[in-house]
Each structure stands twice: as C-alpha cells, then as structure tokens.
Asks: 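Before anything else, here's the structure in question.
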Amino acid sequence: MHPDTSDRFKGLPAYPLAGIPETRRRLEGEGVDIIDLSAGDADLAPPPAAVEGLQRAVEDPRMSRYPFNLGLADFREAVVEWMKKRFGVEVDAAKELLPLIGSKDGIAHLPFGFLNSGDAALIPDPGYQPYKGGVWLAGGDPILVPLPADNDFLIDLGGLPPDDVARSKILYLNYPNNPTTALAPRDYLKQAVEFCHAHDLLLVYDNAYSELAFDGYRPPSILEIDGGREVSLEFHSFSKTFNMTGWRMGWAVGDSALIAILAKVKSFMDTGAFLGVQAACAEALRSYDEWVPANVATFQARRDAAVQALQAEGFDARPPKATMYLWVPVPTAEASMDFCRRALEQEGVIVLPGSSMGKGGEGFFRVALTTSEARLQEAAQRLGRIIG
Ligand SMILES: Cc1ncc(COP(=O)(O)O)c(C=O)c1O
C-alpha cells in the first residue's frame, strides 16, 4: 500500500485535457491524419548558432561540471548585453539575473520564497497554469481574477476586492498574453507598477512572448517602466523566441534581493541547467539580429494564413499583434471542451479549449501556429465543417 497523498496534491486541478490524448491515440491507430494545434511548441528549427554552440560545448569537459545557480559567466554576459540592446535596461550580471531551467522553473518555484500558508496571490484567469499550481503547491491561496474580453483582456486592478488585495503578496501578469494574445499598453503597465507599490505586491511579469510580435510592435520589459525595478521579477524564455522549447532554458531578471530569494529556493530544488545549453543559448542571443526577424516573419505569415482561412469558414478570428496563438470565440452554443472534442473526433484537429486555461477562458478556443500555412489552412477547413 502506498501512503495517502497530501491535501495539496489532492487539491491540484484535474489534467486539463481529460480524454484528449486517449482519443488522439485511438484515432491515430485508425489512420486518421491528426493536426495538433494545441501546445505552443512549433515545428521549426532552432538557430544554427545554438546548434553549433552546443556541439562545441559538449566537447569541452568544463561544461560537464555542476552549473549551480550562477551558471555560465558567458551566458550571464550575453543576457546582460541583450537586455541592454533590446530594452535599454542595465542589469548586473552577478546579482540581478538568474539562469532558469525554462522560465516555468522560476515561475513555479518562486512562491516557495514568499508565501506562508493562507497568503494569497492574484492570478489571471484564463492564464498559464503554473501560476496557480506553483502558488497552490507552496501552500498559498490562488485568487483567480478575470481577464475580461470587454476590457481588452486586462485585469481591472482598481476593481479588485480590497480584501483579496490585502491578503495577496504576488500579482502575476503576462503580456503579450497566453492564451488571449492581448497586449499591455505602457500606461497599463505603469498603473500595475503603481498598484504593486501601493499594496506591497511582488509583480511577477511573465515576458515569454516578448519577441514573437508582429507588424512592427515591440513589447516592453517591465523593467523599463518607472518604479518597475523595485517591485518586479521578470521572466524570459528561449522556448518561443528561438524554437527551443525542449532545451529548457530561460532567465529571471530584477532586483538583486528578489533574485537572491529565488536563487536560494532553487538551490534546494535543482543544480542548474547544463552548462553546454547555457553556452549554446548565449550564442542564440548573440545571433538575434541575423536570425529572429525571419523566424518572426514565418509566424506572421502563419498567423495571416490561419486568420484568413478561419474567417473564410465563418469564425470570428482576429490577427493578434503578438504570441504564437489565435484566440477564437467558439461559434456554436456548446462549451469550449465539447467543441474541441468534436473537432478531434470528427475532423482530427486538436485545438485547446479555452476552459482548460481557467474558467475565464470559456467561450474561446486557442489555435497554436505551430505548423505550416498549408496545414493551418487545412485545419481551418476541417473546423469549418464541424460548425456546418
Ligand atoms: C505564458 C507562458 N509563460 C511561460 C512559459 C514557459 O516557458 P518555458 O518554461 O518553456 O520557458 C510558457 C510556455 O508555454 C507560457 O505560455
């Protein structure tokens, strides 16, 4: 007999895509051609600079040592150079940044450094699920706050219940936003920073999609905003910018005291990301100017092809200014989970039900631009058939 699981474990939400992987396996077994647009994991190659950097790094025995929190000095230098060039933000390489095993690592472990039992955190709904999971596993109380479509998917900070704000220690914001694709105007970010100063909140700013932006839009860093440095930790990822989801590399940047807290928590959980991957990621960052614009153009072309094809089928799809997703209203009267189940069962297309990202996502489905324009068009035609 195994021991009983913890109350915290029991309180974790059910797997969001209940039943979908089984259905997929069955259909694949029957020979159905599945188009999977669920995860934000593109079919594109990483930059050659990263691949060659890793090949060189594995030959160097020094790369096989424990990385620890500090990681590779050259990785830190590359991040510092990039933050300065991209956002005009100066960062201390030793104290104000921390390499992460993917940004999820930092996002999910951070609450262990801040929350006592019963302390709360304000979490966007719909949103990236590790905000909620990290807070919950650390013993905290996730307070889900809506991202209303009629407020451009921005949290109405002034309208939050004062008691909820008073017992919260952390506010999570993610713009460009997954899943809604919304952007945060600079004025809104200023307001958020002031709000966090006024209420002693830590602002966790998840900037995983900062580089996947279209039509000339350049998402800011929260560290560019007046007062942002004192209250924020910002999270960056190699996953989406460089098609390197599996390499598991990201970083946290912000005030040295906040970084030190996350570093201490992590020192009890892991021993850092492989130094060879850090070396390769430094090369990826340094190849940004030669490589990233063409990759973004690929996503922009996919976006345009998918939006046009969905519109032609009668969906109210709009072209997002950033991220690798479309956030589309479910055009039928059914729940998003039922719509997505039918999409898979009847047409072999996997799209993400909005409700799997939180109750606030009900009424929408998410399309990830993770495959070719032709496959996205094919998926749109198939989806058109299930709405008749
Ligand atoms: C909003 C958001 N934040 C963070 C991440 C995590 O990225 P990674 O851990 O791969 O760096 C993702 C991945 O999907 C995401 O959508």
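Both ligands and their constituent atoms are indexed starting at 1 by order of listing. Predicted, not measured: the structure shown is a model, and the values here were computed from it.
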Asks: Should the ring pair F87 and H236 be called parallel, tilted or perpendicular, given that the plane angle runs from 0 to 90° and is split at 30 and 60?
Replies: tilted
Asks: At a non-hydrogen distance cut-off of under 4.0 Å, which region of S103 contacts ligand 1 (side chain, backbone, both, or neither)?
Replies: both
Asks: Less than 4.0 Å between a side-chain N and a carboxylate O, is that true for K132 and D125?
Replies: no
Asks: Is the shortest distance from a Lys or Arg side-chain nitrogen in E28 or R24 to a carboxylate oxygen in the other one below 4.0 Å?
Replies: yes
Asks: I'd like to know if T245 contacts ligand 1, where contact means a heavy-atom distance under 4.0 Å to any ligand atom.
Replies: no
Asks: Give a yes or no on whether a salt bridge exists between R167 and D141, defined as a side-chain N under 4.0 angstrom from a carboxylate O.
Replies: yes
Asks: Should K190 and E194 count as an ion pair when the cut-off is N to O under 4.0 Å?
Replies: no
Asks: Among G246, G250, S237, which one has a heavy atom closest to atom 11 (O) of ligand 1?
Replies: S237
Asks: If you have a sec, work out which protein heavy atom is nearest atom 2 (C) of ligand 1 and how many Å separate them, to one decimal?
Replies: D206 OD2, 3.3 Å
Asks: Side chain, backbone, both or neither: which part of F235 has a heavy atom under 4.0 Å from ligand 1?
Replies: neither
Asks: Below the 3.5 angstrom mark, is there an N/O of Y325, backbone or side chain, next to an N/O of ligand 1?
Replies: no
Asks: For the pair Y128 and Y131, name the ring-plane relationship: parallel under 30°, tilted 30 to 60°, perpendicular over 60°.
Replies: perpendicular
Asks: If you have a sec, work out which protein heavy atom is nearest atom 6 (C) of ligand 1 and how many Å separate them, to one decimal?
Replies: Y128 OH, 3.1 Å
Asks: How far is atom 14 (O) of ligand 1 from its nearest protein heavy atom, and which residue and atom is that?
Replies: K240 NZ, 2.9 Å
Asks: What residue and atom, counting heavy atoms only, is the protein's closest point to atom 10 (O) of ligand 1, and at what distance?
Replies: S239 OG, 2.6 Å
Asks: Taking atom types as modelled, is there a side-chain donor on Y209 or Y325 under 3.5 Å from an acceptor on the other?
Replies: yes
